[in-house]
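Structure first, then comments.
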Amino acid sequence: MNAMREGFVSPNSPKSALLSVDEMALFVDYYQLTMGQADFDADHNATITANYYVRKIPQGQYLIAAGLEQVVHYILNLRFTDTILDWLAARGDLSAHYLASLRDFRFDGSVFAVPEGTPVFPNTPIINVTGRSRDVQLFETYLLCVMNFQTLIATKASRIVQAARGRPVFDFGARRAHGRDAGILAARASFIGGASGTSLVLAGCYFDIPYVGTMAHKFISERPTELKAFRDYAEAFPNNTTLLIDTYDTLEGARNACIVAKEMEARGTRLRALRLDSGDLLRLSRQVRSILDAEGLHYVQIIGSHDLDEFQIDTLLSNGAPFDSFGVGTRLATGANFNSWTSEGGTSALGGVYKLVESDGRPVGKQSLDEPSKATIPGRKQVYRLTDTAGNYAKDHVTLWDEDVSEGQPLLIPIIEDGELVFDFPTLQAIQTRTIAEVNKLPDAHKHLTNATPYTVELSPSLLARMENAP
């Protein structure tokens with residue numbers, strides 16, 4: 001006990017498992033280190049370009065790129081400390097000479113990428129990383145983890161926000177996210193995708209995302225009556241009172257809320273909203289609205305939650321449900337690729353890949369004759385986005401990196417050059433504003449919840465010729 005008080009931590013003490021900056025170097029798959037040593041032993045360290053892209057969109061016809069800021073932070077801050085190198089050396093399978101080569105690791109290459117909040121499409125480059133081969137391959141696992149997850153969640157949020165038709169959507173998903181890092185990154189990506197806020201306070205502190213909350217059933221059930229619970233909460237938060245009314249009987253809860261609302265009016269304040277979290281949300285929302293309106297409480301809003309997604313929200317609003325906003329948890333924070341209309345869907349993951357496309361100026365690619373869909377397009381590439389006369393997005397052209405192009409806006413912009421950050425990362429609020437503007441430029445045909453029209457992506461003739469002549 002004395003040793004514990006003096007700061008000693010037993011090997012059996014609980015560990016937080018939080019990733020520190022010094023530990024980021026081990027966020028690699030083992031083969032990135034074994035290939036690194038094999039390349040080191042063979043004196044191979046070509047200048048290469050690796051390309052991040054997504055082969056297939058799991059739901060819908062567009063993606064919202066998200067996660068670049070965390071990827072760039074990783075690339076610029078990746079270091080192999082003495083502690084990490086000693087730990088690797090103690091394993092005994094990596095040579096001392098190779099580990100010594102990692103001691104002064106610094107990335108001095110370049111990163112070109114699509115800014116966060118940009119709609120992107122299958123098989124088009126989202127990030128190009130150019131540098132020494134042994135350096136570039138170290139980024140694969142972290143880059144894929146962060147980009148695949150945040151892009152998945154930002155896209156899901158965008159679809160939900162589209163379905164909400166202008167009504168605010170809030171991320172309620174931290175408790176169902178796949179881990180603590182996923183919880184805060186889901187809040188970040190949801191905000192990029194258009195969510196108005198989050199229930200996770202840490203996201204408010206760390207990313208300056210507006211955080212919101214109502215109350216839990218616990219608060220109500222531990223008091224002698226629901227009415228007592230409502231009164232206590234209204235007195236504690238007179239200027240921001242939202243009452244959860246489904247602990248016992250939703251309609252009776254609405255009537256109790258009306259009593260409290262009238263008491264608040266007498267004190268010069270107003271009840272802000274009621275939250276429905278159980279049952280037939282369409283029927284109950286109509287009945288609750290009627291109860292409120294009958295008492296002259298037209299200003300009191302109704303918030304809907306309870307296993308919502310874009311499909312459920314669309315159904316509710318198409319049938320006239322009087323919801324003013326929505327809290328979406330599980331199916332947002334996990335990026336559920338699930339159609340709750342048809343009960344069809346797949347794994348909640350985005351299958352983005354990070355593939356070698358160029359080595360010492362020579363285009364290279366994976367042919368994958370046994371599974372042609374996994375073949376890669378050789379060479380470093382750029383994407384140009386073309387608009388119609390109204391300024392809406394019409395199609396993308398994928399070209400050779402140095403190809404002379406006369407029309408369209410290049411999407412991949414410089415982020416890191418010669419190891420130095422050259423891009424000024426915007427605030428998260430600015431990224432969200434950009435996302436909304438970008439999605440508005442995407443024609444509605446590409447944004448339908450089901451049966452959306454694929455967006456046109458064309459390969460330039462020069463790029464097609466390169467593919468045909470690839471070995």
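What you see is a predicted model, and the numbers here were worked out from it, not measured in a lab.
Using a 4.0 Å cut-off between charged side-chain N and carboxylate O, Lys218 and Glu222 make a salt bridge. Taking the charged nitrogens against the carboxylate oxygens, Arg275 and Asp246 have no contact shorter than 4.0 Å, which rules out a salt bridge. Ion pairing between a basic and an acidic side chain is recognised when a charged N comes within 4.0 Å of a carboxylate O; Glu265 and Arg270 show no such pairing. Using a cut-off of 4.0 Å between Lys/Arg side-chain N and Asp/Glu carboxylate O, Arg79 and Glu23 are scored as not salt-bridged. Glu295 has no carboxylate O lying under 4.0 Å from a charged side-chain N of Arg255, or vice versa, which leaves the two without a salt bridge. Of the charged side-chain nitrogens involved, none lies within less than 4.0 Å of a carboxylate oxygen, so that Asp309 and Arg159 do not count as a salt-bridged pair. A salt bridge is absent between Arg331 and Asp307; no separation between the charged side-chain nitrogens and carboxylate oxygens falls under 4.0 Å.
Note: Phe27 and Tyr142 have perpendicular aromatic rings, judged against thresholds of 30 and 60 degrees for the angle between ring planes. Ring orientation note: the planes of Phe237 and Tyr233 are tilted relative to one another, at an angle of 30° to 60°.
Between the side chain of Asp324 and the backbone N or O of Ile302 there is at least one donor-acceptor pair closer than 3.5 Å.
Closest approach of Ser158 to Val439, counting heavy atoms only: OG-CG2, 3.9 Å.
Both cation-pi conditions hold for Arg385 and Tyr393: the charged atom is under 6.0 angstrom from the six-membered ring centre and inside a 45 degree cone around its axis.
The six-membered or imidazole ring of Phe139 lies near that of Phe107, with a centre-to-centre distance under 6.0 Å. Ring to ring, Tyr62 and His446 are not that close: their centroids are 6.0 angstrom or more apart.
Of the N and O atoms on the side chains of Asp277 and His306, not one donor lies less than 3.5 Å from an acceptor on the other residue.
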